[in-house]
Amino acid sequence: QVQLVESGGGLVQAGDSLRLSCAASARTFSFSSYAMGWFRQAPGKEREFVAAISRSGARTDYTDSVKGRFTISRDNARNTVYLQMNSLKPEDTAVYYCAARDAYYRDNYYYATGVKQYDYWGQGTQVTVSS
C-alpha cells in the first residue's frame, strides 16, 4: 500500500503561483517504479487529468488548459512529485490530487492520463484562485 500526501494548496489571487508537493511512502516501496500524475476536481465536476510524469521524469504531459503555466517534476531521492502552477486563473480552482501508477514493468517514458489507470491516490489539497 502506497500513501500519498499532498501539500501546498491555498487561497491565491489570479496571476499568482503555487507549488504543490506530493510525498509518497510505503512499507516496501520504490518511488522510481511509479509513474505519477496530478488530477483536479472542481465542485460538481468530474475528476480531470492535469499533468503526468514518467517514472524517470524523462517524459511529461499536460492537459491543454495548463500547458505553458504548470510544470510537473519529481525528485526520486525524496520520493516526491511537484506541480508548479504559475499564472493561476479562477478556473484552476479545485481540489488537486496526486496519484501513483505502478510502472515497474514499463519503460522510463511511460505515463498515464486516465483516472482509472492509477493505483493510489492522495487525499487532495484545495487550491482556490480569486479573481
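What you see below is based on every heavy atom in this structure, not just the backbone, and it leaves out hydrogens, waters and symmetry mates.
- Under the 30°/60° scheme for interplanar angles, the aromatic rings of Tyr118 and Phe39 are found to stand perpendicular.
- Because its NZ or CZ atom is both nearer than 6.0 Å to the ring centre of Tyr82 and within 45° of the ring axis, Arg19 counts as a cation-pi partner of that residue.
- For Arg78, the salt bridge (Lys or Arg N to Asp or Glu O under 4.0 Å) partners two or more places apart in sequence, or in a different chain, are Asp75.
- Nearest heavy atoms, Ser87 versus Arg69: O-NH1, 3.0 Å.
- Distance check: Lys89 NZ to Asp16 CG gives 14.5 Å after rounding to the nearest 0.5 Å.
- Under a hydrophobic clustering in which Ile, Leu, Val, Met, Phe, Trp and Tyr are joined whenever their side-chain heavy atoms come within less than 4.5 Å, directly or via other members, Val2 and Tyr110 fall into different clusters.
- A salt bridge links Asp92 with Arg40: at least one charged nitrogen is closer than 4.0 Å to a carboxylate oxygen.
- Between Gln84 and Ser17 there is a side-chain heavy-atom pair separated by less than 4.5 Å.
- Grouping the Ile, Leu, Val, Met, Phe, Trp and Tyr side chains by contacts below 4.5 angstrom, directly or via other members, places Trp121 with Phe49.
- Ala14 approaches Ser131 most closely through the heavy-atom pair CB-CA, 4.4 Å.
- Residues Asp102 and Tyr104 come closest through the heavy atom pair OD1-N, 3.0 Å.
- Contact annotation: the side chain of Glu6 approaches that of Gln123 to within less than 4.5 Å [non-hydrogen atoms, C-beta and beyond].
- Clustering ILVMFWY residues whenever any of their side-chain heavy atoms sit less than 4.5 angstrom apart, transitively, puts Ile72 in the very cluster that holds Val66.
- Arg74 approaches Ser54 most closely through the heavy-atom pair NH1-O, 2.9 Å.
- Tracing side-chain contacts under 4.5 Å through hydrophobic residues (I, L, V, M, F, W, Y), one reaches Tyr96 starting from Val129; they form part of the same cluster.
- Hydrophobic clustering, with ILVMFWY side chains joined whenever heavy atoms are under 4.5 angstrom apart, groups Val127 together with Val50.
- Paired with Val12 under the rule side chain to side chain contact (heavy atoms under 4.5 Å, CB included), one option of Leu88, Thr93, Thr128 passes, and it is Leu88.
- A side chain to side chain contact (heavy atoms under 4.5 Å, CB included) with Trp38 is found for exactly one of Leu20, Ile53, Thr63, namely Leu20.
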Cut-off 3.5 Å, no hydrogens considered: what does the side-chain donor-acceptor table look like for residues 30-37, sequence neighbours left out?
unit_1	atom_1	unit_2	atom_2	d
Ser30	OG	Ser32	OG	3.3
Ser30	OG	Ser33	OG	3.4

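- For the residue pair Ala24 and Leu4, the shortest heavy atom distance occurs at CB-CD2, 3.5 Å.
- Scanning all heavy atoms of the two residues, the minimum distance from Asn108 to Ser56 falls at O-OG, 2.9 Å.
- Annotation: side-chain contact (heavy atoms from CB on, under 4.5 Å) contacts of Gln1 (sequence neighbours excluded): Gln3, Tyr120.
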